[in-house]
Amino acid sequence: MPGRVDPRWTGATIRESFDEVTPELRQQLLAWWELHGRHGIPWKLLPDGRRPEPGEVLDPYPVLVAEVMLQQTQLQVVLPYWQRWMAALPSLEALAAAAEHDVLMLWQGLGYYSRARRLHQAAGQLLAVHTESRKPNPNRRLSQNPGLSEAPGPYDPELWPRSLEAWQALPGLGRSTAASIVSSAFDQPEAILDGNVKRVLARLIASPRPPARQLARFWQLSELVLDPRRPRAFNQALMDLGASVCTPRSPSCGTCPWQGHCAAYAAGDPARFPVKDAPRTVPYQVIGVGVVLDGAGRVLIDQRLNEGLLGGLWEFPGGKQEEGEAIAATIRRELDEELAIAVAVGEELVVIEHAYSHKRLRFVVHLCTWLSGEPQPLASQQVRWVLPVELADYPFPAANARIIAALLEHLAAAGAA
DNA sequence: GACGCGTGGAT
DNA sequence: TATCCAAGCGT
């Protein structure tokens, strides 16, 4: 039954039901937020720079872009990417019309690249629905097409869904991102559940189990505490609290508006929450990489498949070193298997250690000379010979960006000699 | 429900 | 330096 908390959640200072303390929790958090919250986030302001009043609507497009960028990514990292994106693709129409290549260029360095491609798809879907609904349709009754008589807002209200379900149906948008969008843009009462909220709530109730194993209950709890009168402000306040006060390592409980209600604080060791599962050991692999040059000074790159790691980005070809295999042999074998070319492996260009979320790689990069075979995209979307100066026009993952830097240094040194 | 999926900031 | 972890989603 909604509106009632599992008795096991009740911590030392939460003796009755949550229903009785939620008004106080809301008031305390919002009062704290007015003084200490992050109020300058650009996509949460009106065009004139004012904060929106309760119920006032924001343009959903900047919010959509920001919320997808913010998935598993900190605010200060997102900000410059969002600024650059909005300058390049200032509208949903511009995004939908953009080439995927340009979308990935704007996302380069942010990570989780499927987000960019799915956001691109989502823009196309939103616009396709809109275009379809605008087509004259003799079978559609007028009453089925409301909105045409509504007063025009600062954005096209017909273009953007209001319901959580419609947003969540878009690629790359799950419940939390969809809820963030509708609560931010429309001030609708939908609960969110990101890392900040999980941590704050886990401490509030001193949850003995990892949030990931209690997702339904954490969603329910986020719904319970949400202030339905000021959902936009409340959700933002909850995240700000987690980001600035209820931090992972050493929370500043002395300044927390919820200290008096926090079961983890009452238990004496708030940093013990949220309880975590034991971390998985990440595999370690050595990758042989070939920077293949032809006689015209061009270098060979390929575009990765959309599925899997770094999908859609470009790279220098290579692959995993096998047991007992010399790295030069790895490079020759991989370029034969994946590109059907023969190369002579030359000097080592650079060695790069790089950690992903789920594996650690050591890239051993060698300059190579192309010998024979027209490169084939046997394990990639496409392959291309480009001049080194043209590498800046392709989206590369972070580790490959370091290879490019090393290559340009090498060429500059060779040219100067 | 577990796992794959990037990168950089903070400590 | 090593580790944690971030405005999560799709499969």
Side-chain angles (χ1 to χ4, degrees), chain A residues 37-38 41 43-44 63-82 104 107-119 121-122 167-185 190-200 209-216 218-219 222 232 234-244 246-251 271 274 276-284 304-313 315 352-361 395-402:
Chain A
R38 298 177 287 191
I41 300 172
W43 51 87
K44 309 208 86 169
V63 176
L64 166 64
V65 174
E67 292 298 344
V68 174
M69 286 184 171
L70 284 163
Q71 290 168 3
Q72 293 285 281
T73 309
Q74 294 180 351
L75 175 63
Q76 72 270 20
V77 176
V78 161
L79 274 167
Y81 280 88
W82 180 86
L104 287 172
W107 208 273
Q108 181 179 9
L110 255 189
Y112 288 137
Y113 297 96
S114 67
R115 292 183 296 172
R117 289 183 286 107
R118 291 186 174 123
L119 177 57
Q121 296 168 15
W167 282 97
Q168 203 172 338
L170 294 169
L173 301 197
R175 180 174 174 184
S176 195
T177 303
S180 286
I181 292 170
V182 299
S183 68
S184 288
E190 296 290 353
I192 59 173
L193 191 60
D194 64 358
N196 288 309
V197 177
K198 286 174 187 166
R199 184 172 58 256
V200 170
R209 297 182 59 197
R213 298 185 177 279
Q214 303 254 325
L215 275 185
F218 273 79
W219 273 112
S222 183
R232 168 163 49 209
F234 184 90
N235 280 343
Q236 187 62 49
L238 200 49
M239 289 188 286
D240 287 1
L241 185 71
S244 64
C246 197
T247 55
R249 298 290 180 86
S250 50
K276 293 166 295 185
D277 284 319
R280 295 194 295 268
T281 61
V282 299
Y284 180 80
R304 296 176 61 89
L305 300 175
N306 280 342
E307 299 72 31
L309 184 68
L310 306 169
L313 271 68
E315 66 174 4
I352 293 169
E353 302 282 348
H354 192 80
Y356 298 95
S357 52
H358 58 297
K359 64 172 73 171
R360 291 190 307 124
L361 298 183
F396 284 90
N400 275 259
R402 295 182 58 190

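Values in this document were obtained by computation on a predicted structure and should not be read as measured data. Chain letters run A, B, ... following the sequence lines, proteins first, then strands; residues in each count from 1.
- Candidate nucleotides B/dT7, B/dG9, B/dC5 were compared by shortest atom distance to the side chain of A/K359, and B/dC5 ranks first.
- Atom CG of A/N400 and atom P of B/dG6 are 13 Å apart (whole Å).
- We find that CZ of A/R117 is positioned 13 Å from C1' of B/dG6, with the value rounded to whole Å.
- Closest approach of A/P274 to A/R199, counting heavy atoms only: CD-CG, 3.5 Å.
- The side-chain hydrogen bond (donor to acceptor under 3.5 Å, both in side chains) search around A/E315 returns A/R304, not counting sequence neighbours.
- Between A/A191 and A/S222, the closest heavy-atom pair is CB-OG, 3.5 Å.
- Spacing of C1' atoms, C/dT1 relative to B/dG8, comes out at 16 Å, to the nearest Å.
- Rounded to the nearest Å, the gap between the P atom of B/dC3 and that of C/dA7 is 24 Å.
- Looking at heavy atoms from C-beta onward, A/R115 lies in side-chain contact with A/T73 at the 4.5 angstrom threshold.
- Distance, A/L110 CG to B/dG6 P: 12 Å, rounded to whole Å.
- Comparing A/L309 and A/R280 along DNA chain B, the residue whose closest nucleotide (by nearest heavy atom) sits nearer the 5' end is A/R280.
- Taken to the nearest 0.5 Å, the OG atom of A/S114 stands 9.0 Å off from the CH2 atom of A/W107.
- Looking at heavy-atom distances under 4.0 Å, A/A355 makes contact with a base.
- A distance of 10.0 Å separates OH in A/Y113 from CG in A/L309, rounded to the nearest 0.5 Å.
- Between A/Y113 and A/R249, the one whose closest nucleotide on DNA chain B sits nearer the 5' end is A/Y113.
- A straight line from CH2 of A/W107 to C1' of B/dG6 spans 12 Å, rounded to a whole angstrom.
- Rounding to whole angstrom units, NZ of residue A/K276 and P of C/dT3 are separated by 13 Å.
- For the pair A/L305 CG and B/dG4 P, the interatomic distance rounds to 18 Å; values are reported in whole Å.
- In this structure, A/H358 does not reach the B/dG6 phosphate: none of its side-chain N or O atoms is under 4.0 Å from OP1 or OP2.
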Contact letters for nucleotides 6-11 of chain C, in which S counts primed atoms plus P, OP1 and OP2 and B counts the base, heavy atoms under 4.0 Å: BBBSS-
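- Listed by first and then second residue, the salt bridge (Lys or Arg N to Asp or Glu O under 4.0 Å) pairs that reach into residues 168-183 of chain A are A/R175-A/E223, sequence neighbours excluded.
- For A/R360 and B/dG4, the CZ to P distance is 16 Å, given to the nearest whole Å.
- Annotation: C/dA6 and B/dC5 have their C1' atoms spaced 14 Å apart (nearest Å).
- Atom C1' of nucleotide B/dT7 and atom CE of A/M69 are separated by 14 Å, given to the nearest angstrom.
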